[in-house]
J.: 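Here it is: the structure, laid out below.
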Amino acid sequence: MTEKAVFIYSDDYLKYKFGEKHPLNPIRLEITYDLLTEMGVLDEKDIMCPRMAKEEELALVHSPEYINAVVDAGRNPNGGDFTNFELGTEDNPIFEGMHEASSLIAGGTLTAVEAVMEGKARHAVNIAGGLHHAQRDRASGFCIYNDAAVAIAYLRKKYDIRVMYIDTDAHHGDGVQDIFYDDPDVLVVSLHESGHYLFPGTGDIYEQGTGLGFGSTINIPFEPFTEDESWISAFERVVIPNARAFAPHIIISQHGCDGHHLDPLTHLSLTMKSYEEIPRLVHMLAEQLCEGRLVALGGGGYNIWQVVPRAWALLWCQIAQRDPQEKLPESWIKKWESISGEKLPQTMSDPPDLVPPIPRREEIIEKNNITMNRVLRQSVMFF
Amino acid sequence: MPVLVEDIMTRKVITATPEHSVMDTLKIARQNRIRHVPIVEGNVLKGVVSDRDLRDVSPSVLASMDLELLEKTKVKDIMVTNVITVHPLDTVEDAARLLYENKIGCLPVVVGGNRLVGIVTDGDILFCFVEMMGVLERGSVIRLNIPDKPGSLMKVLELIAKHKISIISIFMLPAGEKGKGKREVTLRLQTIDPSDIVDDIKKLGYEIIWPEFWGEKR
Ligand SMILES: [Zn+2]
């Protein structure tokens, strides 16, 4: 089998754009791509072009009515009321060519899955993917088509294999959870900020799946202001033993980086340390359990200058086993500082004093430990 | 949203009669996994026994190894007869207050003074509040203090409507001791990004409690 990792990318990814003032700005993909190129860790032969997802592939998880609504709305953005599908809201504005742009992202994740399953690559990374909120019959939280769910459903149908989905976005991976809630062969694990305040509000530890799928959903909700230590230890204490017990054939991971302290949408206090460590652990699991079969996706991430490019550069470096330099390239900093008017980071890691001392820190750690113990106690019965 | 006792009460009530033995009543409670058994004659409420009343009989019996006592003692000898009850048209808030103030776990629902038509437990009330909080729908939460005067909530609602965002649930607490002149409001909004609304609320001069409390972030 090949040792290669592939990076799925196309300039057409930038067409998934809700508008100038919308928090999900696709330029974050371009800045990341540019950083990797300037660092010299990504070149032509690593890149694979995404294909479009076919409508019947989208229909593996989405209702025909919803797909039709996306097609219609995208053809005529001012043409009607699609709010039943949560399209045309402040979160999910309608834009021209919405169906095509969303299908390309879902197709990119399918390209990644095919590359890995057909032995063309050992691992594949699609940073445009990870749109984990989209539901069967409606859009949600900036997500039109649920590329991760489409890819998992494709794997289930074509190969009938066991799939583990690991979601470390700051938001609960509710769309993927709901779609496979009763499937015992898809283990859905989500680490996230608790839904007490944060969107979508789901992801409590008691959501464990239903019917035959009971036990194949694992949620680890964290307190606001949670730091690296809790986040990484949850992976080691809960995710790894559950992965071993489940023995997946392939891992699909979602790497939203909106849990970073500098992200404007959430209230976690993670640093680049988590975004280095999580991909390393995911990669290790894939090597140990799945002969390397791993598809890593992007996700949320709304500090597009200081956080996203570094987090996803680290993701690629960890998975493709490239060496990330601590000092970021001068040329990259200059170029994007002049475009953004923002101060860009000089180094890959964060300064040690990035997160100010957090009041109630000990209580937060204690509560997180209690949560992890509860989740572990619940999940060991399925080993 | 359920507001009346009849909206949330259990109508098929598991009961026993005053002539049942304590042992039989214990069995009824265990088999049906209930903690309170209304005691009726026909459909007339005569009393209630709780798991605690039943347990209180058991230890002395176990001590003397005389299980016969459980068989011989009749429920009518241990049941509580001055039962606090509610009417189907009482509000859920009434029922919650009665449970809380009297430190009890259930309220038989009666009409005509003593005819049993249902039962409400502390669990039913909790479930009702969970539903009312709307946690089953997707959204983000913000908490704020608004001035305790007419029209101030309206300003917040108008501003949210301007952003075309739906409200999943809204809670307003009565003005508390420490917050004289203001009221705390908790809103669950159907959006992943409430930050524009938070900014607009601040422009009104209202105080945001979450996402600002616990300090300094942004
Ligand atoms: Zn997110």
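Basis for what follows: all heavy atoms, side chains included, without hydrogens, waters or symmetry-related copies. Proteins come first, then strands; the chains are lettered A, B, ... in the order of their sequence lines, and each starts at number 1.
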J.: Taking the six-membered ring for Trp, are B/Trp210 and A/Tyr197 parallel (under 30°), tilted (30 to 60°) or perpendicular (over 60°)?
T.: parallel

J.: So which heavy atom on A/Phe142 is nearest to which on B/Asp193, and how close?
T.: CZ-CB, 4.2 Å

J.: Is there a side-chain contact between B/Val141 and A/His196 in this structure, where contact means two heavy atoms from C-beta onward sitting under 4.5 Å apart?
T.: no

J.: Output the option from A/Thr89, A/Leu198, A/Asp174, A/Thr83 having the highest count of non-hydrogen pairs under 4.5 Å with chain B.
T.: A/Asp174

J.: Closest approach of B/Ile192 and A/Asp91, non-hydrogen atoms and distance?
T.: N-OD2, 2.7 Å

J.: Compare all side-chain heavy atoms of B/Asp196 with those of A/Glu90 and state whether any distance is below 4.5 angstrom.
T.: yes

J.: Taking atom CZ of B/Arg138 and atom CD of A/Glu86, what is their separation to the nearest 0.5 Å?
T.: 9.5 Å

J.: Under a 4.5 Å heavy-atom cut-off, does chain B meet the side chain of A/His133, its backbone, both or neither?
T.: side chain

J.: How about A/Glu229: does its CD atom have over 12 heavy atoms from other parts shown lying under 6.0 Å from it?
T.: no

J.: Please look at A/Gln135 and chain B and tell me whether the side chain, the backbone, both or neither of the residue comes under 4.5 angstrom of a heavy atom of that chain.
T.: side chain

